[in-house]
2 protein chains.
Amino acid sequence: MMTRRSSSVTIRDVARQAGVSVATVSRFINRNAPVSAEVAERLNQVMTELRYVPHAAARNLASRKTRVIGLLLNNLHNDFFVPLLNGVEAVVRKKEYNLIVATYHANSRNAMPAPIGPHNTDGLLVFSDGLVDEDLANLNASGFPMVLVHRTSPPNLDIPSVTVENIEITHKLVEHLIQVHGKRRILFMRGPLHQEDSVRRENGYKSALAANGIPFDEKLVLNGEFERDIAFQVLNDFLSNGKQVAFDAVFTGDDDAAIGVLKALHEHRYRIPDDVAVIGFDDLGFAPFLNPPLTTVRAPTESVGRIATERLFELLENQSSNGAVVLPTEIIFRRSCGCPA
Amino acid sequence: MMTRRSSSVTIRDVARQAGVSVATVSRFINRNAPVSAEVAERLNQVMTELRYVPHAAARNLASRKTRVIGLLLNNLHNDFFVPLLNGVEAVVRKKEYNLIVATYHANSRNAMPAPIGPHNTDGLLVFSDGLVDEDLANLNASGFPMVLVHRTSPPNLDIPSVTVENIEITHKLVEHLIQVHGKRRILFMRGPLHQEDSVRRENGYKSALAANGIPFDEKLVLNGEFERDIAFQVLNDFLSNGKQVAFDAVFTGDDDAAIGVLKALHEHRYRIPDDVAVIGFDDLGFAPFLNPPLTTVRAPTESVGRIATERLFELLENQSSNGAVVLPTEIIFRRSCGCPA
DNA sequence: CCGTTTACTGTAACCGTTTACATTATTTCA
DNA sequence: TGAAATAATGTAAACGGTTACAGTAAACGG
């Protein structure tokens with residue numbers, strides 16, 4: 001028995017055993033050149049017999065591809081990511097690629113470079129704000145394939161993106177609160193300050209107020225970071241504070257944070273929707289079963305993941321790109337806004 | 001300007017520019033051998049100037065490490081995975097590793113090999129049933145680091161595992177339904193047939209029935225696969241079927257599926273918990289806010305992810321392992337079992 | 001029947017790192 | 001003070017694949 005540094009079986013072992021050159025084995029594996037029937041059969045045998053698995057790193061190095069795509073998120077603190085990941089993973093798997101999931105946000109940027117990029121992936125799905133416009137410009141200039149998710153391209157770059165319609169739908173939803181349910185003091189539990197969804201939803205919120213002659217009161221804007229626990233914390237503090245600001249509704253920028261909002265309201269004995277109406281965004285799976293059922297906006301999150309990934313593969317395959325995709329959203333009326341069950 | 005095949009800057013470029021050998025650069029990067037202060041400073045300059053990023057594949061090939069750990073899941077259809085992923089990702093990031101997430105289940109096994117393994121990761125967190133005992137034995141024999149998650153080692157292998165306590169807690173919870181709320185016809189919405197959590201919870205369920213003199217009725221066991229939509233579907237079919245089997249409670253193997261159960265019960269106008277009590281498992285974030293609030297078992301899912309990953313790193317670093325970790329669980333009584341709010 | 005494809009195969013350079021081994025200069029220490 | 005350890009660096013051989021280039025034999029086309 002021969003000794004070897006690495007214990008794993010290599011393409012050379014296969015070649016030797018099958019009596020062909022390594023080039024032939026490689027061609028057979030990648031099916032990028034014809035191989036005679038007998039050789040093919042022999043290789044099949046030998047490969048299964050030896051349990052040969054091509055070494056990914058060697059392959060990547062030689063071919064200058066990784067067969068990995070990366071998904072860069074700010075964090076993993078939201079149930080929202082399950083449908084997103086699901087959509088992404090499905091097409092990655094179909095393409096026989098692998099998926100690296102990494103978190104990275106603007107604050108970590110100073111401390112370290114992004115964990116994933118051209119050196120270890122073939123393309124990136126960028127959700128995170130950790131890659132600032134400058135980073136995007138650099139990557140884009142080097143021809144690195146990227147698709148932005150829930151975020152649009154910096155003006156001069158034209159990086160493909162997939163987002164959902166935010167402003168109009170939010171405007172409508174908030175207006176519903178005002179016109180149908182007579183709410184006028186609507187608290188906005190927003191998300192991360194520079195997250196586009198949050199900004200757009202804030203715009204829709206403000207435009208609805210303006211359109212209905214309600215002055216914007218910045219005391220009614222709280223920073224929930226689109227996180228359940230933070231939203232709870234923030235609203236709880238707000239409610240516990242002696243000099244309370246009156247309000248009769250909460251527009252929570254996302255369903256997950258809405259749970260925190262409901263929790264805080266419940267603990268402070270508000271009746272929902274009678275004392276305070278609550279609305280969310282995303283229509284996560286649990287939304288119809290919250291107490292009360294949550295009026296929210298249905299966002300096609302799994303589709304966002306799927307489509308973004310498909311577009312990334314288009315980029316990998318054809319180099320072709322085509323602007324911003326905005327998926328439609330729809331309001332789902334349930335009990336929490338005051339509508340009948 | 002020189003032309004080069006690859007446009008990226010390599011360690012040779014850095015070495016040349018700094019007037020040292022590539023070995024020195026490598027040592028500096030990996031900090032595994034002393035480098036003089038002047039050289040260090042020069043390298044720092046040159047590297048940032050050239051925007052040098054080491055090529056992962058080349059590194060992996062030469063060092064026979066990937067700095068990637070893999071998480072193998074059956075699917076991504078459950079909000080349960082958010083805390084799990086969160087725990088895993090946190091320690092992976094701290095260690096400056098990368099995380100590949102892949103789905104693979106027993107049925108895909110015939111069609112293709114597992115997408116991740118020794119060829120592209122340094123170690124695996126195995127949740128999936130796609131790796132059968134035989135696969136685990138092979139991998140283990142080759143010394144490949146693995147930690148099982150929500151799954152215990154095949155008897156003769158002693159692969160480290162992290163799970164949660166299922167049987168006793170389920171026994172207690174079901175017994176609560178029987179003794180406190182007088183339920184006797186308890187439907188069990190189980191998970192995937194060979195998933196250990198599901199099997200154990202079924203055991204706990206049966207032992208509680210037995211201990212209280214209630215005969216086990218297999219007509220009261222439904223296959224919800226731990227998936228919201230499937231659980232809904234299955235229970236809905238069950239309820240729509242003319243010759244209905246009487247029942248007065250549902251033990252759902254996990255909270256996510258419990259949502260499907262609640263939906264089906266609501267649609268068929270059952271009052272919860274009066275007509276039918278419902279209990280779940282996991283205490284996902286939304287559980288206190290379902291309608292009614294869900295009595296469930298609190299499982300420390302994020303800790304499972306964290307601890308499993310920490311143990312995997314121990315394996316990578318020390319080669320040391322130590323059996324099965326079982327994390328404690330606790331019942332959270334809420335309204336859905338019939339307890340007061 | 002002969003020049004030209006086409007099918008199949010091999011040789012060897014290359015991908016961008018790490019690291020064993022070698023070398024020299026400088027400390028350390030008995 | 002001389003031998004041995006240590007610091008700092010270089011040279012070149014891996015690591016395990018892919019692929020450009022070249023070659024041979026068979027099939028094709030006019």
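Note that the coordinates shown come from a computational prediction; the quantities given were computed from them, not determined experimentally. These values consider heavy atoms only, across backbone and side chains, with no hydrogens, waters or symmetry-generated copies. In what follows, chains carry the letters A, B, and so on, assigned in the order in which the sequence lines appear, proteins first and then strands, with residues in each chain numbered from 1.
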What's [X] touching, base or sugar-phosphate or nothing? Going by heavy atoms closer than 4.0 Å.
{"X": "B/Ser26", "answer": "base"}
{"X": "A/Ser36", "answer": "sugar-phosphate"}
{"X": "A/Asn60", "answer": "nothing"}
{"X": "A/Phe28", "answer": "nothing"}
{"X": "A/Val25", "answer": "nothing"}

| What orientation do A/His150 and A/Phe127 show, parallel under 30°, tilted 30 to 60°, or perpendicular over 60°? | parallel
Compare the minimum distances between each of [options] and the side chain of [X], then state the nucleotide with the smallest one.
{"X": "B/His55", "options": "D/dT18, D/dT19, C/dG16", "answer": "C/dG16"}
{"X": "B/Pro34", "options": "D/dT18, D/dA8, C/dG10", "answer": "D/dA8"}
{"X": "B/Pro54", "options": "C/dA12, C/dT9, C/dT17", "answer": "C/dT17"}
{"X": "B/Ser21", "options": "C/dG16, C/dT19, D/dT11", "answer": "D/dT11"}
{"X": "B/Asn30", "options": "C/dG16, C/dT11, C/dT18", "answer": "C/dT18"}
{"X": "B/Val39", "options": "D/dG17, C/dT17, D/dT9", "answer": "D/dT9"}
{"X": "B/Ala23", "options": "D/dG16, C/dT18, C/dT19", "answer": "C/dT19"}

| message | At less than 3.5 Å, do the side-chain atoms of B/Arg59 and the base atoms of C/dG16 form a donor-acceptor pair? | response | no
| said: Given the structure, check if the side chain of B/Arg27 and the base of D/dG10 hold any donor-acceptor pair shorter than 3.5 Å. | reply: yes
How close or far is atom [atom2] of [N] from atom [atom1] of [X], stated in whole angstroms?
{"X": "A/Asp122", "N": "C/dC15", "atom1": "CG", "atom2": "C1'", "value": "15 Å"}
{"X": "B/Lys65", "N": "D/dA14", "atom1": "NZ", "atom2": "C1'", "value": "16 Å"}
{"X": "A/Arg31", "N": "C/dC8", "atom1": "CZ", "atom2": "P", "value": "14 Å"}
{"X": "B/Arg67", "N": "C/dT17", "atom1": "CZ", "atom2": "C1'", "value": "14 Å"}
{"X": "B/Ile11", "N": "D/dT11", "atom1": "CD1", "atom2": "C1'", "value": "14 Å"}
{"X": "B/Leu61", "N": "D/dA13", "atom1": "CG", "atom2": "C1'", "value": "13 Å"}
{"X": "A/Arg64", "N": "D/dT18", "atom1": "CZ", "atom2": "P", "value": "12 Å"}
{"X": "B/Arg16", "N": "D/dT11", "atom1": "CZ", "atom2": "P", "value": "14 Å"}

| field | Heavy-atom side-chain contact between A/Tyr104 and A/Asn74 under 4.5 Å | value |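 No. Closest side-chain heavy atoms not under 4.5 Å.
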| said: My understanding is that a pair needs two contacts under 3.5 Å, Watson-Crick or G-U wobble. By that rule, which nucleotide pairs with D/dG30? | reply: C/dC1
| Hey, is A/Arg151 close enough to A/Asp133 for a salt bridge, meaning N to O under 4.0 Å? | yes
| Test: B/Lys95 and B/Glu317 ion pair at under 4.0 Å | yes
| message | Taking the cut-offs as 6.0 angstrom to the six-membered ring centre and 45 degrees off its axis, would you call A/Arg31 and A/Phe28 a cation-pi pair? | response | yes
| said: Can you see if the side chain of B/Thr24 gets near the phosphate of D/dG10 - specifically, an N or O under 4.0 Å from OP1 or OP2? | reply: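 The answer is yes; a side-chain N or O of B/Thr24 sits under 4.0 Å from OP1 or OP2.
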| Taking the six-membered ring for Trp, are the ring centroids of B/Phe80 and B/Phe226 within less than 6.0 Å of each other? |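 Ring-ring flag for B/Phe80/B/Phe226: false, centres at least 6.0 Å apart.
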| task | Name the residue closer to the 5' end of DNA chain D, choosing between B/Val35 and B/Ala58 according to the nucleotide with the nearest heavy atom. | result |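 By nearest-heavy-atom nucleotide position, the 5'-most residue is B/Val35.
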